[in-house]
Number of protein chains: 2
Amino acid sequence: MEFTRRLLEQFLVLAEEKHFGRAAERLAMSQPPLSQAIQRLERGLEVTLLDRGPGGIRLTPAGAAFAVEARRLLDAQSAAVERVRRVARGLEGDVRVGYVSILSHHHLPRLLRAAADELPGLRVLVHQDTTATLVDMVRSGTLDLAFIRDPSPVTDELTLRAFADERVVAALPHEHPLAGADAIALGELHADAFVLPSSTTLPGLAAQAQLACRDAGFTPRCRAEADDLSGLLGYIAAGLCVGLLPEDLRHFPVPGIAFVPLRETSPYLRTTVAAVHRPDADAAVHRLLDLIARQRNQ
Amino acid sequence: MEFTRRLLEQFLVLAEEKHFGRAAERLAMSQPPLSQAIQRLERGLEVTLLDRGPGGIRLTPAGAAFAVEARRLLDAQSAAVERVRRVARGLEGDVRVGYVSILSHHHLPRLLRAAADELPGLRVLVHQDTTATLVDMVRSGTLDLAFIRDPSPVTDELTLRAFADERVVAALPHEHPLAGADAIALGELHADAFVLPSSTTLPGLAAQAQLACRDAGFTPRCRAEADDLSGLLGYIAAGLCVGLLPEDLRHFPVPGIAFVPLRETSPYLRTTVAAVHRPDADAAVHRLLDLIARQRNQ
DNA sequence: GAACTCCATATGGTCAACCATATCGAAATG
DNA sequence: CATTTCGATATGGTTGACCATATGGAGTTC
């Protein structure tokens, strides 16, 4: 016994019409095969669905129940097909997204909000980790997509898309003598203690800071390293260190910290946000990437 | 495109094995037709379900989604069949049951409790009305089953099953001089005012009371008629009337009323409870009737 | 009782589903 | 480069699903 859509439809029409002849007409077929189809159905279910009285037919209670179930089965099938097609088109489903801590306050929430608005069927599962680990997870397929601050460790078969290019600015405690300046030269910080992103979490940003300072004629005294954003900002807000950080942190006002632009225009004082994914990423990932690209143009 | 159970099963096994050869083996078929079946499925859905990489296959996100949906569809089908069969066997479904008010305190709740225990899948929809209306509703198919006190109006094609035969006893206000007696003769009430069931609601019981009194040598003075049980009992408890009522009302102690057996053994002083239904009633009704029959033997 | 209604049965034809065997082609392996 | 692995393709056969027309048979109606 197979519950062909056709068979279910035949029964449903018959249940409505309560008349083999009229039902057959609506089904664009002749009456005898409809009789046979319903008989097959009843034999398959081992249940009598109709009371064939003279002058027409009536549904048995089982028949009425099956009419409901048949409708449900048809709907369930259509829904299943719809769902699968939406998943295939990337309009529904799960996307596992990784990100580094430093993006958690601005770029990530912006993306999540946009995704929720424009791709409400998508479930974005987020995971924070170090740059290297994220890249490995994308490579191995544990993540579909990762947002990193620094493309340096991405060398091989992965696809990389930069989507924000920002200046690095000085992050100073409010009590720092230069905290009120419009702009400063990096060299003015040569005597300060620095907090740097840990080289495992954000290798690129840490290295860039070193190089920028070298170009400015000094080696930064590194008092602390921090794994994550709140660690970095904590040291600065506490007045213990100064930092060199992407200017997007401005969007997230932290009490006790002033962000001051630098006069230098070195490539070491610029930083990008990039999305990494496997080139064979599925449709949902591409939807997300498109969304990012569109956002950038706004 | 039809979602044959076979086809869904084929996909599910393949999704588990991730290998056409092994899946085909488990499905007791050779590999090529399995390939074709999956291709048909993909063409039908217009969705790629598998990534055929060298060294095996992987499910696409849509494929994974469809695996879930396929399992659901199969389960839904089985559930539908199960449900319909249970309805056909009378283990599930709705039964519309009518009853007269006088049964509401004892016989009906007993039945409902027993039904809930032994036929938990059955939904019993109850409706209270007069005897005549109930019988009409059963005849017309508005009700499946009705419990009445008095079979008199059931004359035609309906089936009747008596399931309780009880004495009629005197219902006296506590302050009545005979309220404390072990038993009384009906004649002792010849001077009392009576409350009788209304002749529309319970025609049999009203007529029986009249006849019993006539046999005892007097015509009862009827001070009141009541449509329902609380009306009847209300008049008695208020001390305004005496009544002749089925002894099952004892099970429902009413403050202010004493039930006193009668010495007479007239057929007019016996009353039955009966179930009425159409002879072609469905399985659920017969389950209920069987349940009543079994209860009676306990 | 003749005509009619309505569903069941009988018979036959078409076609797609389903399966098998044999073979191909691409990629990985040693 | 030969071999192996693994899925796709080619070809052919069987079967059941599905439909049509013609007919039967029970019950109703005039």
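Each chain gets a letter, A, B and so on, in the order the sequences are listed, and its residues count up from 1. Basis for what follows: all heavy atoms, side chains included, without hydrogens, waters or symmetry-related copies. Because the structure is predicted, anything quoted here is derived from the model rather than measured.
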Which whole-number value in Å describes the distance from [X] [atom1] to [N] [atom2]?
X	N	atom1	atom2	value
Phe3(B)	dA17(D)	CZ	P	20 Å
His19(B)	dA27(C)	NE2	C1'	14 Å
Leu41(A)	dA17(D)	CG	C1'	14 Å
Arg58(A)	dC6(C)	CZ	C1'	16 Å
Ile57(A)	dT5(C)	CD1	P	17 Å
Asp51(B)	dA27(C)	CG	P	15 Å
Arg43(A)	dA8(C)	CZ	C1'	13 Å
Glu17(A)	dC7(C)	CD	C1'	16 Å

Give me the ring orientation class for Phe3(A) and Phe66(A): parallel if the planes are under 30° apart, tilted from 30 to 60°, perpendicular past 60°.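 Ring orientation, 0 to 90° scale: tilted.
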Does the side-chain contact (heavy atoms from CB on, under 4.5 Å) test come out yes or no for Leu14(A) and Leu50(A), once each step is laid out? CA-CA 10 Å; Leu14(A) 179 59; Leu50(A) 301 175; 3.6 Å; yes
Under 4.0 Å between a side-chain N or O of Ser35(B) and OP1 or OP2 of dG7(D)?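 Checking dG7(D) against Ser35(B), no side-chain N or O comes under 4.0 Å of OP1 or OP2.
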Reckon Arg52(B) has a side-chain N or O less than 4.0 Å from the OP1 or OP2 of dC6(D)? no
**Item:** Nearest-0.5 Å distance that lies between atom OG1 in Thr131(B) and atom CG in Asp136(B)
**Value:**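 Rounded to the nearest 0.5 Å, the OG1-CG separation comes out at 11.0 Å.
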- Task: Before giving the answer on salt bridge (charged side-chain N to carboxylate O under 4.0 Å, His left out), spell out for Arg6(B) and Glu2(A) the whole-Å C-alpha distance, their side-chain angles and the decisive distance to 0.1 Å.
- Result: CA-CA 9 Å; Arg6(B) 175 67 170 170; Glu2(A) 286 297 341; over 6 Å; no
The contact string for nucleotides 13-24 of chain C, one letter per nucleotide 5' to 3', using protein heavy atoms under 4.0 Å with B, S and - for base, sugar-phosphate only and none, comes out as -----SBBBB--
Between Asp227(A) and Thr201(A), does any side-chain donor sit less than 3.5 Å from a side-chain acceptor?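 Yes - a donor-acceptor pair under 3.5 Å links their side chains.
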>> Within the supplied structure, the quantity of interest is the number of heavy atoms (other residues, nucleotides, ligands) at a distance under 6.0 Å from Arg52(B) CZ; does it exceed 12?
In response: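 It does: Arg52(B) CZ has more than 12 such atoms within range.
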